[in-house]
Amino acid sequence: MTIDRYNAREAEPRWQRIWDERGIFATRNDPPSPAASADKPAPAGRSIGEGRKYYVLEMFPYPSGRIHMGHVRNYTMGDVVARAKRAMGFSVLHPMGWDAFGMPAENAAMASKSHPKTWTYDNIAAMKKQLQSMGLSLDWAREIATCDPGYYKHQQKMFLDFLKAGLVERKQSKVNWDPVDQTVLANEQVIDGRGWRSGAPVEQRELTQWFFKISDYAEELLEALDTLERWPEKVRVMQKNWIGRSEGLLVRFMLDPKTTPGKESEVEIFTTRPDTLFGARFLAISPDHPLAQAAAARDSSLAAFIAECKRMGTSQAEIDTAEKLGYDTGMKAVHPFDEGWKLPVYVANFILMEYGTGAIFGCPAHDQRDLDFVNKYNLGNTPVVCPPGQDPKTFTITDIAYDGDGRMINSRFLDGMSIEQAKEEVARRLEKETRGNRPVAQRQVNYRLRDWGISRQRYWGCPIPIIHCEKCGVVPVPAEDLPVTLPEDVEFDRPGNPLDRHPTWKHVACPQCSGAARRETDTMDTFVDSSWYFARFTDPWQANAPTDRKAVDRWLPVDQYIGGIEHAILHLLYSRFFTRAMKKTGHIGLDEPFAGLFTQGMVVHETYRKADGNYVTPAEVTIESAGDARRGRLNATGEPVEIGAIEKMSKSKRNTVDPDDIIREYGADTARWFMLSDSPPDRDVIWTEEGVQGAWRFVQRLWRIVGEISQLDAPASRPAGFGAPALAVRKAAHGALAKVTEDVDKLRFNRCIAHIYELANALNDAIGNVSTPQALTPDFAFALREAADILVQLFHPMMPHLAEECWAALGHKDLVAQQAWPRLEPDLLVEDSITLPVQVNGKKRADVTVPRDAGKSEIETAVLSLDAVKRALEGKPPKKVIIVPQRIVNVVA
RNA sequence: GCCCCUGUGGCGGAAUUGGUAGACGCGCCUGACUCAAAAUCAGGUUCCGCAAGGAGUGCUGGUUCGAGUCCGGCCAGGGGCACCA
């Protein structure tokens, strides 16, 4: 018998059409009533999920124009989870949409005179087609695009709700300015001093901006990290560091009136090391500190110094290399424990106004930066913490500060205490002391996390629904006037914000006084759009509110969220904040949006270079291998190319592989299979031509195995008993079933694939053993058919089209996509006899086969009678025999 | 500088969480089919050794009957954060 090759190009669109026509991936918001499900009783295997909800979500794409291999990997993983959970009896929500606002649309508009809207929607259409060719089990009825007024209208409403709830603030502040994109960036969007998108060195500017008060939630966002048990530890640590909690003490230092010509009388500092107060040598304040500003008004050279500081601090690169500089104001601060102890007050370029109070006290002996500073200005140092084992009398600091543990020295009443005791003692004493009705010191927790600046001076974003009126000030757009839609007649012939220079759009009447007023022309950071789309998916049809409470309560949290690690801080932190803000304003009923998070690795590829140093694409190169050596040649000319480092697929290195090409050549199933095989999903996967071909070979191999089995003459009903060959097949099938079930649940797709290979190999061997028709007993044929069914169901989540084709070949009239997961027969996993490895002194010497329920003495007797064991013992009795049931035997000589 | 992760065959990786190291795949080698090649199929493939046997999970020391797995020290690679007081 011969079996034709599997034709993916023909089969895949056919099955996609059938799934689509039958609408099998559409998810209803109202769970089917018991009556409706009663006429179709759930198969036994369905019991795992029992109809409970399961929300699988992959981070939605930016519609850049074409999907890339990273999308293929991401969405394949999500689809495996969605299909497996559906089979396991869960009610699965698996939607898709578009993160459709953003700069590239404007850049394209500038470059090609297209409109951002048409550019974006054309890209969405193209990419949707690509995603559909992957055979993803998505509910396209819920598709959303964030640039749709039907979406951003609700975002504007929430902005107003947040404003009313005190979660939004307009303030002037130093901001990160991206000179290329001509817009402001949030702290999170500055990477190594450069804009996250443009890569341009970021400058500092003073602007009035809208902020979401994410810092109000700093403590909560930090604490709740511990509850996110199904998040990668790495991401939790990154968020923890980003929030950057530190406990310390605010201390008010009096200024010596004799040295202070102005009316300022004190300066408040923040410190996390109040224990080192007796090691103080100076105070330093930020150039932006009011005291510095006031002093500069009297001292022109100080003013010049401050101006110098400001001029330097424009780019991160300069900040990193800038020398630590200080300027002695001449003012003296009084030590809080000693009125006679005067400390010089410096303005220093490394003190940030944004953190703490913008002022510090310097303890050079135990802080490297302070030490560098005093060594430069000859202020000296006093060690106050003595490391264990050091003699306090001889312990000195020269140019390496000591920040370790130890006992307090040179610190009067603190001497002999531990650091912790000293911190507590200083806080206790200074809290009690008051000056002008206020305590001299108070405990404070500080966070590195800053408020989220959301104003962007761009066109292609969600307009901020605010009107500025000369008389009434900042006036929210009335809810009934929403959405504030983007004007379509805009020009991109010049840099800057087209909204701002639009002839009419911004000129409106004030909703309060009806006088002439001006619209806010800034739009929202696109990270706002992606901070709540997961909630909108639960009821995207809801026209009157961002969410329907019944729908969000039913579907949220997202049970499994899958995306790239690059969003570990930005998107994931913003979404966590937004969910809390939506809860406060009544749009949602929970704090944490994503119960389970998985961060997948990148798709990487070798790079190829011609002799002239230019990169060439994998499609242009053929790799020849001889023995261990691999060589590349250019297809067109045959000239050799150099095989370079394996790197993330990128246009600049030209090492990308187009998913369309792969799907056309091998089919989506092959691409999906390869994406999941070999590498663990959280690590990078190396895309290789050989690997894809291996996956493609396996597609054909499966088709052949299933085809051959489908042609066997198998009885329709289950035989009364199974002979040894049949039993072996059944054990292989159920063993694979048990392992795949567990591994798919833990997202260990590479292991699932290994188990499926093993089962396929076992079935292939079993078929090969049927040399004559007589050898094919009815029980064996039945077992093979049963195993083939299981095999097809196991690989269905990874290769759904091939699975449907095989399922039909096996004679089934329904769809494998709607099948219940196979029911496991646990008895088949238990062996009657087991083979235990036998070690002598920890070295494996033999195997012993004993009945499954053999007692320890029985095993010991069997082991000691083995020739290999006798030889190793050299006739002497063993000291000890360790028997680990079902595991191993170790004889200690 | 601080924090985190990872080191296993030629390569990607597996190892029931302290119990037979190298599952599965790629590559390579041998054979079958073929006039030939491709495709396909069968077998082999950690290293040393003809073999018996020995060595072996970055290095090093320890705990244990037993360590890839746990602990201490080091080395290498990767990632995150960083004038944060």
Side-chain angles (χ1 to χ4, degrees), chain A residues 5 191-192 232-242 244-246 248-249 269-273 276 284 286 313 316 319-320 322-324 348-352 354-363 367-370 372-373 403 446-450 565 568-569 625-630 646 673-674 677-680 682-686 688-695 697-698 700-701 704 739 742 748 750-758 760-761 764-765 768 835-847 878-884 886-893:
Chain A
R5 297 182 78 96
I191 291 140
D192 289 334
E233 182 63 18
K234 186 169 42 164
V235 174
R236 290 192 285 174
V237 168
M238 281 164 73
Q239 291 211 355
K240 183 176 173 224
N241 291 340
W242 187 263
R245 182 186 203 272
S246 57
L249 202 63
I269 61 95
F270 176 72
T271 178
T272 57
R273 292 296 302 271
T276 63
S286 166
Q316 191 66 43
I319 290 169
D320 287 346
E323 206 183 348
K324 312 270 176 285
N349 63 348
F350 59 90
I351 308 297
L352 305 171
E354 294 82 31
Y355 189 81
T357 60
I360 63 152
F361 85 83
C363 173
D367 181 293
Q368 192 59 49
R369 199 190 40 201
D370 293 346
D372 294 344
F373 191 80
D403 61 1
N446 250 305
Y447 301 91
R448 215 185 67 96
L449 182 69
R450 300 290 146 70
I565 186 74
I569 295 170
S625 43
D628 288 343
R630 296 175 73 248
I646 296 171
W673 185 258
F674 177 66
S677 50
D678 290 354
S679 290
D682 54 344
R683 287 202 215 164
D684 292 351
V685 65
I686 306 169
T688 62
E689 185 62 23
E690 293 91 334
V692 181
Q693 282 174 5
R697 272 201 299 274
F698 187 60
Q700 296 301 338
R701 190 173 148 89
R704 208 199 73 233
K739 289 179 197 151
E742 189 194 341
R748 297 191 291 221
N750 56 323
R751 303 211 308 187
C752 292
I753 276 175
H755 302 139
I756 291 168
Y757 268 114
E758 279 177 301
N761 291 343
N764 192 51
D765 292 347
T835 300
L836 296 174
V838 177
Q839 296 181 334
V840 178
N841 292 331
K843 278 243 157 267
K844 195 202 163 188
R845 293 295 173 186
D847 286 309
K879 276 209 197 91
K880 208 184 336 176
V881 179
I882 291 154
I883 297 167
V884 185
Q886 315 293 315
R887 275 287 141 74
I888 201 168
V889 179
N890 191 12
V891 180
V892 186

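Everything numeric in this text was worked out from a predicted model, so none of it was measured. Here is how names work: the chains are called A, B, and so on, in the same order as the sequence lines, proteins then strands, and each is numbered from 1.
- For the P atoms, the distance linking B/G58 with B/G7 amounts to 8 Å, nearest Å.
- Following rounding to the nearest Å, A/Lys843 (NZ) and B/A67 (P) show an atom-to-atom distance of 9 Å.
- When the nearest nucleotides of RNA chain B are assigned to A/Asp684 and A/Phe350 by heavy-atom distance, the more 5′-ward of the two goes with A/Asp684.
- Comparing the P positions of B/G68 and B/U20 gives a spacing of 10 Å, expressed to the nearest Å.
- In this structure A/Phe698 satisfies the ring pair (Phe, Tyr, Trp, His ring centres under 6.0 Å) test together with A/Trp673, A/Tyr757, sequence neighbours excluded.
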Distances for protein N/O vs nucleotides 1-9 of chain B N/O pairs under 3.5 angstrom?
none

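- The shortest side-chain heavy-atom distance between A/Thr271 and A/Ile360 does not fall under the 4.5 Å cut-off.
- Regarding A/Gln839, its CD atom lies at a distance of 7 Å from the C1' atom of B/G19, rounded to whole Å.
- The side chain of A/Arg369 contributes an N or O atom lying less than 4.0 Å from OP1 or OP2 of B/C84.
- Only the P atoms considered, B/U8 is 13 Å distant from B/U69, to the nearest whole Å.
- As judged by a 4.0 angstrom heavy-atom cut-off over every strand, A/Arg845 is placed among residues touching the sugar-phosphate backbone only.
- One can find a donor-acceptor pair under 3.5 Å joining the base of B/C84 and the side-chain atoms of A/Arg450.
- A salt bridge links A/Glu233 to A/Arg236: one of the charged nitrogens lies within less than 4.0 Å of a carboxylate oxygen.
- Remark: C1' of B/C84 and CD of A/Gln368 are 16 Å apart, rounded to the nearest angstrom.
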Every protein N/O lying under 3.5 Å from an N/O of nucleotides 22-26 of chain B:
from, atom 1, to, atom 2, distance (Å)
B/A23, O2', A/Glu758, OE2, 2.8
B/G25, OP1, A/Asn761, ND2, 3.3
B/C26, OP1, A/Arg697, NH2, 3.1

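- A syn orientation is assigned to B/G9, its glycosidic angle lying within 90° of 0.
- A donor-acceptor contact under 3.5 angstrom links the side chains of A/Asn764 and A/Arg704, judged on distance only.
- Spacing between B/A23 and B/G18 at atom P, rounded to whole Å, works out to 22 Å.
- Toward the 5′ end of RNA chain B lies the nearest nucleotide of A/Gly842, the other residue of the pair A/Gly356 and A/Gly842 mapping further downstream.
- Atom name C1', nucleotides B/U46 and B/A39: the rounded distance is 31 Å, in whole Å.
- For the pair A/Asp403 CG and B/A85 C1', the interatomic distance rounds to 13 Å; values are reported in whole Å.
- Taking only side-chain atoms of A/Pro837, from C-beta outward, the nucleotide of B/U20, B/C41, B/C83 with the closest atom is B/U20.
- If you check B/C65, B/G12, B/A85 against the side chain of A/Tyr355, the one that comes closest is B/A85.
- In this structure, CD1 on A/Ile753 lies 5.0 Å from OG on A/Ser677, to the nearest 0.5 angstrom.
- B/C84 atom P lies 17 Å from atom CG of A/Leu449, rounded to whole Å.
- Distance alone, capped at 3.5 Å, places no donor-acceptor pair between the A/Thr272 side chain and the A/Gly248 backbone.
- For A/Asp403, there are no side-chain contact (heavy atoms from CB on, under 4.5 Å) partners, not counting sequence neighbours.
- Annotation for A/Thr357 and A/Ile269: closest pair OG1-CA, 3.4 Å, computed over non-hydrogen atoms.
- Between B/U30 and B/C24, the two C1' atoms lie 22 Å apart (nearest whole Å).
- Side-chain contact between A/Val838 and A/Lys844 is absent, with no heavy-atom pair separated by less than 4.5 Å.
- Atom CD1 of A/Ile569 and atom CH2 of A/Trp242 lie 5.5 Å apart (nearest 0.5 Å).
- Every side-chain contact (heavy atoms from CB on, under 4.5 Å) that A/Asp372 has, sequence neighbours left out, goes to A/Gln368.
- With no hydrogens or angles considered, no side-chain donor-acceptor pair links A/Asn750 and A/Arg683 at under 3.5 Å.
- In RNA chain B, stems built from 3 or more consecutive Watson-Crick or G-U wobble pairs, each with both distances under 3.5 Å, span B:1-7 with B:75-81, B:10-12 with B:24-26, B:27-32 with B:40-45, B:46-48 with B:53-55, B:58-62 with B:70-74.
- Here NE2 of A/His755 is found 8.5 Å from CZ of A/Arg748. Values are rounded to the nearest 0.5 Å.
- Closest approach to the A/Asn890 side chain among B/G13, B/G66, B/C83 is made by B/G66 (side chain taken as heavy atoms from C-beta onward).
- A straight line from CZ of A/Phe698 to P of B/C41 spans 11 Å, rounded to a whole angstrom.
- For B/G13 and B/U6, the C1' atoms lie 14 Å apart once the distance is rounded to whole Å.
- Of the possible polar contacts, none joining the A/Gln700 side chain to the A/Arg5 backbone as a donor-acceptor pair under 3.5 Å is found.
- Phosphate contact (OP1/OP2 of B/C84, side-chain N/O of A/Arg273, threshold under 4.0 Å): absent.
- Of the candidates B/C81, B/A85, B/A14, the closest approach to any side-chain atom of A/Arg448 belongs to B/C81.
- To the nearest angstrom, C1' of B/U40 lies 12 Å from CG of A/Asn764.
- If you take CD1 of A/Ile888 and C1' of B/U20, they are 6 Å apart, rounded to a whole angstrom.
- In this entry the base of B/U64 is anti relative to its sugar, with a glycosidic angle more than 90° from 0.
- Which of B/G80, B/G19, B/A85 sits closest to the side chain of A/Arg887 comes down to B/G19.
- Between the C1' atoms of B/C70 and B/G1, the separation comes to 30 Å (whole Å).
- Using a 4.0 Å heavy-atom distance criterion, A/Ile351 is classed as a base contact.
- Within the nucleic acid shown, A/Val884 comes within 4.0 Å of at least one base atom, counting heavy atoms only.
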